[in-house]
J.: 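One structure, pasted below without further comment.
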Amino acid sequence: MSSTALRSTSLALILFACGIMGSVRADNPPPRANATTPAGRNGGHGERAGQAPSTPSAAEQHRLPPDSSTRQTLDLPGRTLSFIATAGSLRLFDKKGEPDADIVYTSYQLDGTDRGTRPVTFFFNGGPGSSSAWLQLGNAGPWRLPINADEVTPSTFPEVRPNAETWLDFTDLVFIDPVGTGYSRFVGTGDDVRKRLFSVDGDVDALALVVRRWLEQHDRLLSPKYIVGESYGGIRGPKVVHQLQMQLGIGVKGLIMVSPIFDYACAGLLQYIATLPSYVATLREAEGPVKRADLADVEAYARGEFLTDLIKGQADKEATTRLADKVAALTGIDQAVSRRLAGRFDPAAFGREFDRKNGKSIGNYDASVRGLDPFPDSDFYLSSDPSSDALLAPLTSATVDLLTRKLNWRPDGSYELLNHAVVQAWDFGRGPPESLSELREILATDPKMKLLVGHGLFDLVTPYFGSQIVLDQLPPFASAPRAKFVVYPGGHMFYSRDGSRHAFRAEAEAMMK
């Protein structure tokens with residue numbers, strides 16, 4: 001998920017509207033390097049037997065503990081799940097065999113299954129700079145923490161409870177925290193390793209390698225494999241699958257995208273087309289439940305008359321006034337304000353103006369959530385995000401408690417649910433990053449591979465209509481029935497709503513049958 005770590009680049013995320021392996025090694029490190037002990041074994045990152053330890057570096061003094069595997073039993077409605085839970089890490093090395101980073105994962109493998117036919121699914125969130133806790137504790141993991149932003153506060157009791165909608169019923173689960181998030185950390189101390197792993201390509205290389213290494217260590221190379229990515233995971237997902245297919249010898253059966261961004265390049269006027277249906281959905285939700293089908297008129301207007309008037313520009317006063325008045329009527333924004341902004345609202349302006357008369361702001365991540373504006377008299381948008389900020393404290397505490405108390409894995413240092421330093425240091429490359437090229441290639445290379453894309457109606461960070469626009473440009477081989485696009489009531493984390501979580505789980509299960 002992504003959350004407020006994205007705020008410094010939230011506008012960039014909205015503006016999307018519409019390889020070869022680098023220096024990370026895919027093979028095992030040289031004998032002199034220390035590799036992570038496979039799950040369930042003693043040892044871990046310690047010195048080789050009979051070898052006197054040398055003076056440890058600062059990074060080596062803060063090694064992650066050995067992997068911890070525990071047997072767990074989960075009592076759920078109508079069934080009991082018994083499984084092995086493992087909290088641990090995989091060490092990555094550069095092409096010289098020097099350690100780069102320790103990447104943390106949490107895995108859940110159901111007992112009594114055939115590992116050759118049992119699916120295994122790998123999850124990562126976005127940001128960049130977000131751990132995988134959102135997808136694990138909000139959606140698919142064995143335990144769940146309610147993250148309804150309209151109910152949760154920072155002081156909400158952070159205890160996880162059995163998740164009746166866990167995906168463990170139909171697939172084993174592996175949640176990955178990229179370096180700089182969760183407890184994942186650099187081992188190499190040079191600037192080069194940070195620059196490499198805090199980049200689009202270096203990040204993809206590392207995540208693909210972690211997937212392959214986990215499969216090797218847990219004897220799961222024969223298992224059907226699936227990848228799930230949220231938010232910036234829309235950039236990661238297709239690229240990771242492409243890397244696995246073309247460079248690492250790993251086939252993937254399906255790709256599941258949750259509130260994804262596929263392309264940062266579609267900017268300018270297209271941002272207004274992408275966000276308009278979500279603005280209107282926000283108003284209609286305030287009046288009663290709304291589904292995507294209720295927005296057919298708005299989507300048609302956005303593709304038609306709205307686009308035509310938008311392209312004419314503000315030099316055409318008649319078209320501008322017509323557009324501004326129509327947008328005001330559709331969104332509930334004051335007509336005078338809409339005319340002043342020529343009907344062109346970015347999410348910050350919309351969030352500020354939508355319920356300004358009541359001194360409230362709305363969330364970027366879920367525009368159906370209202371919060372008190374701490375600066376109601378300011379001319380600028382200074383508020384926090386009521387749909388995400390309240391979740392940070394309980395989700396962080398719940399994740400740390402799960403790892404340390406339930407899974408018996410106790411690293412030192414602080415758990416990074418959202419690391420702002422990662423997105424600030426991120427190298428997005430020379431041009432706006434996009435993953436549509438890789439998406440075309442992986443679907444063309446494997447005609448049996450499936451794609452599922454899910455969005456929330458009230459998400460202003462990665463609005464659903466933006467993904468619809470770019471996916472509509474793909475060739476026919478990337479369309480139904482092998483590709484499915486679903487939209488639910490909810491925001492960026494639409495799975496926080498019970499009905500949406502149930503429905504999306506059913507779609508994922510159907511994909512894996």
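If you read the sequence from its start, that first residue is 1, and numbering goes on from there.
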J.: Can a side-chain donor-acceptor contact be found between Q72 and T70 if the only test is distance below 3.5 angstrom?
T.: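 Yes.
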J.: Taking atom types as modelled, find out whether R497 and S368 have a side-chain donor-acceptor pair closer than 3.5 angstrom.
T.: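 Yes, side-chain donor-acceptor contact under 3.5 Å.
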J.: Mark yes or no for whether R284, through its side chain, and D294, through its backbone, hold a donor-acceptor pair below 3.5 Å.
T.: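 Pair found, side chain donor or acceptor close to backbone of D294.
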J.: So, D205 and Q243: side-chain donor and acceptor under 3.5 Å apart, yes or no?
T.: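 D205 vs Q243: donor-acceptor pair found between side chains.
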J.: Say whether, by atom type as modelled, one donor and one acceptor occur between the side chain of D355 and the main chain of I362 under 3.5 angstrom.
T.: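 Not a single qualifying donor-acceptor pair exists.
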J.: Any chance you could lay out the side chain to side chain donor-acceptor pair (under 3.5 Å) test for Q136 and R144, step after step, and finish with the verdict?
T.: CA-CA 7 Å; Q136 180 175 181; R144 194 174 73 85; over 6 Å; no
J.: Any side-chain donor-acceptor pair under 3.5 Å between T86 and S69?
T.: yes
J.: The test is salt bridge (charged side-chain N to carboxylate O under 4.0 Å, His left out); show your working for K239 and D203 and say whether it passes.
T.: CA-CA 10 Å; K239 291 178 179 291; D203 170 71; over 6 Å; no
J.: Can you name the nearest heavy-atom pair linking Y183 to P411, along with the distance?
T.: CD1-CG, 3.6 Å
J.: I'd like to know if the side chain of D102 reaches the main chain of F186, judged simply by a donor and an acceptor atom lying under 3.5 Å from each other, with no hydrogens or angles considered.
T.: no
J.: Side chain of R79, backbone of P77: donor and acceptor closer than 3.5 Å?
T.: yes
J.: Any donor-acceptor pair under 3.5 Å linking the side-chain atoms of S131 with those of Y415?
T.: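 Short answer, yes.
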J.: Under 3.5 Å, is there a donor-acceptor pair linking the side chains of Q217 and R212?
T.: no
J.: Report yes if the distance between the aromatic ring centroids of F485 and H455 is under 6.0 Å, otherwise no.
T.: yes
J.: Between S259 and T462, do the side chains contain an N or O donor and an N or O acceptor separated by less than 3.5 Å?
T.: no
J.: So, for W214 and Y105, which heavy atoms are closest and what is the spacing to 0.1 Å?
T.: NE1-CE1, 3.5 Å
J.: Between the main-chain N or O of R196 and the side-chain N or O of S199, is there a donor-acceptor pair closer than 3.5 Å?
T.: yes
J.: R194 side chain to G188 main-chain N or O, any donor-acceptor pair under 3.5 Å?
T.: yes
J.: After noting the C-alpha distance and the side-chain angles of Y464 and S278, does the key distance pass the side chain to side chain contact (heavy atoms under 4.5 Å, CB included) rule?
T.: CA-CA 8 Å; Y464 81 89; S278 291; 3.8 Å; yes
J.: Could you state the interatomic distance from CG (N163) to CG (L168), rounded to the nearest 0.5 Å?
T.: 10.0 Å
J.: May I ask you to decide if S132's main-chain N or O and D177's side chain share a donor-acceptor pair within less than 3.5 Å?
T.: yes
J.: Determine yes or no for a side-chain-to-main-chain donor-acceptor pair under 3.5 angstrom, with R501 supplying the side chain and Y495 the backbone.
T.: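 Yes, because the side chain of R501 sits within donor-acceptor range (under 3.5 Å) of the backbone of Y495.
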J.: Over all heavy atoms of both residues, which pair between F465 and A302 is shortest? Give the atoms and the distance, please.
T.: CE2-CB, 3.9 Å
J.: Could you tell me whether the side chains of W167 and Y226 share a donor-acceptor contact shorter than 3.5 Å?
T.: no
J.: Can we call the ring centroids of F504 and F494 under 6.0 Å apart?
T.: yes
J.: Report the distance from atom OG of S89 to atom CG of L64, rounding to the nearest 0.5 Å.
T.: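 Answer rounded to 0.5 Å: 4.5 Å.
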J.: One pair to check against salt bridge (charged side-chain N to carboxylate O under 4.0 Å, His left out): K195 and D427. What are the steps and the verdict?
T.: CA-CA 7 Å; K195 290 180 180 179; D427 180 4; over 6 Å; no
J.: Please check this pair: side chain of R71 against backbone of F83, looking for a donor-acceptor N/O pair closer than 3.5 Å.
T.: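 Judged by distance alone, no pair lies under 3.5 Å.
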J.: For F350, what residues pass the ring pair (Phe, Tyr, Trp, His ring centres under 6.0 Å) criterion, not counting sequence neighbours?
T.: Y279, F354
J.: Measure the spacing between CG of D459 and CG of D366 and express it to the nearest 0.5 Å.
T.: 8.0 Å
J.: Does S223 use its side chain to pair, donor to acceptor, with the backbone of R115 at less than 3.5 Å?
T.: yes
J.: F428 and Y264: ring-ring contact (aromatic ring centres under 6.0 Å, His included), yes or no, with the steps?
T.: CA-CA 10 Å; F428 287 93; Y264 280 74; 5.7 Å; yes
